[in-house]
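Notes follow the structure.
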Amino acid sequence: MSNFTVWKTADPASAGKISAEIIAKTVIAKPDCLLGLATGSTPVPIYKELVAQHKKSNLDFSKVRTVNLDEYVGLSAEHPQSYHHFMMSNFFDHINIDLQNTRIPDGMAADLSAFCDQYEQQITNWGGIDLQLLGIGLNGHIGFNEPASVFTRRTHLTDLTESTRKANQRFFNSLDEVPRQAITMGIGTIMTARKILLVCTGIKKAEILERTFFGPIDPMVPASVLQFHQNVTVVADEAALKTILQKHPEFSA
Ligand code: F6R
């Protein structure tokens with residue numbers, strides 16, 4: 001864990017504030033930076049805080065470019081559970097970003113495989129990701145790179161595991177409605193980001209966070225590959241750090 005910078009916070013709201021600070025610093029230092037963005041419950045307080053900073057302190061997103069990690073296959077951009085809809089309602093609708101500078105995988109693309117290649121090309125054309133924001137799944141996935149995915153893949157079509165579908169069921173009316181496939185940036189894509197910001201909150205994530213940073217580097221725990229990355233900042237609340245602090249009393253955040 002010594003190669004990682006770790007911020008311990010009291011709760012998810014403070015994790016959101018610190019993470020937003022880190023993202024804001026990147027935007028201020030490089031106004032046309034390329035941010036890799038995530039969806040899910042974890043980043044909601046981060047986007048809320050970034051919107052507040054835009055409104056209060058004129059944090060300027062006019063030149064910022066963004067690429068999202070993933071999107072469900074079969075959901076249109078307007079679907080209330082699509083990640084397109086999430087990004088608009090939680091973030092893009094409230095800041096001065098130019099939507100031409102944002103990319104989210106298209107889960108309705110006619111040729112999904114060609115789309116994935118174009119997505120990779122876009123990231124390369126934009127000069128690579130400066131900062132990649134990540135949440136982590138209960139099974140250790142990052143993006144939708146599920147356990148047993150190989151580490152080297154780029155943006156691709158993937159089947160969602162039952163564990164992930166069940167975890168995300170809370171956003172849908174029933175498990176049947178949860179899509180079975182997604183487009184995701186690959187681990188290979190994520191690892192090219194110049195900086196990684198992994199945010200993890202809640203007691204449910206305590207065990208997987210410990211396995212991610214203290215267990216073997218193993219495609220069965222996709223996030224464990226981050227042990228190979230040179231520039232990882234972890235922002236975690238006390239609950240999420242519980243297993244690490246119990247098993248590794250020498251560790252201090
Ligand atoms: C979302 C994503 C996923 C989530 C993960 C955690 O774009 O890529 O890997 O980060 O499933 O989700 P939450 O934050 O809802 O626990």
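Counting starts at 1 for both ligands and their atoms, following the listed order. Position 1 is the first residue of the sequence, and the numbers go up from there.
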- Query: So which heavy atom in the protein is nearest atom 11 (O) of ligand 1, and how far is it from that ligand atom?
  - Reply: His141 NE2, 2.7 Å
- Task: Give the residue and atom name of whichever protein heavy atom lies nearest to atom 16 (O) of ligand 1, and the separation in Å to one decimal.
- Result: Lys205 NZ, 2.8 Å
- Note on the structure: The single option from Arg153, Arg154, Glu120 that satisfies side-chain hydrogen bond (donor to acceptor under 3.5 Å, both in side chains) with Thr189 is Glu120
- Check: Arg170 N/O within less than 3.5 Å of ligand 1 N/O: yes
- Could you check which of Ala38, Ser41, Gly143, Gly135 puts a non-hydrogen atom nearest to atom 3 (C) of ligand 1? Gly143
- Item | Per-atom contacts of ligand 1 with Gly40, taking only distances under 4.0 Å to non-hydrogen atoms | 14 (O), 15 (O)
- Inspect the surroundings of NZ in Lys30 and state if more than 12 heavy atoms from other residues, nucleotides or ligands are less than 6.0 Å away. yes
- Pick, from Thr42, Asp70, Leu37, the option with the minimum heavy-atom distance to atom 7 (O) of ligand 1. Asp70
- Query: Counting heavy atoms only, which part of Ile136 comes closer than 4.0 Å to ligand 1: side chain, backbone, both or neither?
  - Reply: backbone
- Query: Relative to each other, are the rings of Tyr72 and Tyr83 parallel, tilted or perpendicular (30° and 60° limits)?
  - Reply: tilted
- Classify the ring geometry between Phe172 and His79 as parallel (under 30°), tilted (30 to 60°) or perpendicular (over 60°). tilted
- Message: Quick check on contacts: which atoms of ligand 1 are under 4.0 angstrom from a heavy atom of Leu69?
- Response: 8 (O)
- Of all protein heavy atoms, the one nearest atom 1 (C) of ligand 1 is Thr39 OG1, 3.2 Å
- Query: Is Lys8 paired with Glu238 through a side-chain N to carboxylate O contact shorter than 4.0 Å?
  - Reply: no
- When you look at CD of Gln227, are more than 12 heavy atoms from neighbouring residues, nucleotides or ligands closer to it than 6.0 Å? yes
